[in-house]
Protein chains: 2
Amino acid sequence: MNNVAANSSLLPDAESLRANASDASQMLKALSHPDRLMLLCQMADGSERSVSELEILADLHQPSLSQQIGVLRREGLIEGRRDGKHMFYRVADPRALAILHTLYEQFCGAS
Amino acid sequence: MNNVAANSSLLPDAESLRANASDASQMLKALSHPDRLMLLCQMADGSERSVSELEILADLHQPSLSQQIGVLRREGLIEGRRDGKHMFYRVADPRALAILHTLYEQFCGAS
DNA sequence: TATTCATAATTTAATAATGTATATTGTTGT
DNA sequence: ACAACAATATACATTATTAAATTATGAATA
């Protein structure tokens with residue numbers, strides 16, 4: 001009999017909870033940056049954005065923007081596709097998308 | 001005519017978006033810490049928890065726990081009530097509660 | 001006086017922000 | 001093919017900020 005079967009409750013046990021909290025906090029950390037959040041908001045509807053488009057919005061020097069994009073990419077929150085000279089990014093993690101939607105509801109006015 | 005009225009779209013303009021992103025990222029920053037997230041999870045159903053109860057779960061030295069609780073309190077995410085020798089905390093920000101619910105759905109299995 | 005919790009202060013370590021330079025990839029004109 | 005340019009990524013150094021962990025102490029209550 002393993003621990004999962006031994007846990008009769010629907011709630012995760014302390015060990016699982018800790019692992020989940022670790023995963024979640026790692027993603028939240030990537031989200032908890034004004035510039036990165038702005039960038040993600042532009043893709044929160046599932047659409048793609050080019051780096052050029054994002055650059056206009058973000059008001060960052062190009063290397064800084066690229067660095068923040070790199071953080072999101074390494075965390076698996078976004079994925080890129082090249083088209084000619086341009087890179088297009090989209091949100092690649094459904095969990096991130098769900099969080100972004102909640103954030104939009106809570107911080108950008110009623111749904 | 002103000003800027004709000006001038007914006008015919010339902011989407012927030014860049015300025016508002018930036019302000020909202022700043023607010024949201026500040027809250028996310030408070031959430032994006034495994035220990036703090038664990039603590040909040042214990043109160044995610046709206047219930048109160050005493051510091052003693054939280055201490056058992058968190059596996060932290062008492063001053064560290066108190067420090068993390070202090071972060072959550074200063075950010076307005078939780079509020080406390082004294083009952084005799086004990087302090088009871090609960091999640092005091094509905095936005096935080098909404099995020100916690102989404103996190104639970106996404107990271108603690110289907111709900 | 002013992003318990004429960006918070007705060008202060010310190011040290012150490014980690015992270016982030018910024019700027020400059022350069023590399024890579026692809027496009028275009030010759 | 002080659003030169004020049006545009007878009008993006010990376011590397012690196014610097015500086016500043018923030019976090020983690022300890023130890024010690026303070027305040028409230030019983």
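Treat the numbers as computed from the prediction; the structure is a model and nothing was measured. In the text below, chain A, chain B and the rest are named by the order of the sequence lines, each starting its count at 1.
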Atom pair distance, as rounded to whole Å: [atom1] in [X] and [atom2] in [N]:
X	N	atom1	atom2	result
A/Arg81	D/dA9	CZ	P	14 Å
A/Arg74	C/dA16	CZ	P	11 Å
A/Leu65	C/dA16	CG	C1'	16 Å
A/Ile56	D/dA7	CD1	C1'	13 Å
B/Asp83	D/dA28	CG	P	17 Å
B/Ile69	C/dA6	CD1	C1'	10 Å
B/His61	C/dT4	NE2	C1'	17 Å
A/Glu53	D/dT8	CD	C1'	15 Å

Problem - Spatial distance of atom OG (B/Ser22) from atom CE (B/Met27) [nearest 0.5 Å] - result: 12.0 Å
Fill in the blank from the handout: Here the gap from A/Asp45 atom CG to A/Leu97 atom CG, rounded to the nearest 0.5 Å, amounts to 8.5 Å
For [X], which contact category applies under a 4.0 Å heavy-atom criterion: base, sugar-phosphate, or nothing?
X	result
B/Gln68	sugar-phosphate
B/Phe88	nothing
B/Arg73	sugar-phosphate

Handout entry: A/Asn20 and B/Leu103, any side-chain heavy atoms less than 4.5 Å apart
Key = no
Practice task
Could you pick out which residue, B/Glu55 or A/Lys29, lies toward the 5' side of DNA chain C when each is mapped onto its nearest nucleotide?
Solution key: B/Glu55
Fill in the blank from the handout: Ranking B/Lys85 and A/Arg82 by the position along DNA chain C of their nearest nucleotide, the one closer to 5' is B/Lys85
Problem - D/dT29 OP1/OP2 closer than 4.0 Å to side-chain N/O of B/His86 - result: no
Handout entry: Any A/Tyr89 side-chain N or O less than 4.0 Å from OP1/OP2 of D/dA9
Key = yes
Exercise for the section: Record whether the side chain of A/Gln62 comes under 3.5 Å of the base of D/dA9 through a donor-acceptor pair of N or O atoms. Expected result: yes
Practice task
Considering non-hydrogen atoms only, spot the tightest contact between B/Gln67 and B/Arg74 and give its length.
Solution key: O-NH2, 4.5 Å
Exercise for the section: Measure from the side chain of B/Pro63, starting at C-beta and using heavy atoms only, and say which of C/dA8, C/dC5, C/dT18 lies closest. Expected result: C/dA8
Problem - Nearest-nucleotide pick for B/Ser66, side chain only, options being C/dT7, D/dA7, D/dA9 - result: C/dT7
Exercise for the section: Test B/Glu48 against every option in B/Arg90, B/Arg81, B/Gln42 by the side chain to side chain donor-acceptor pair (under 3.5 Å) rule and name the one that passes. Expected result: B/Arg81
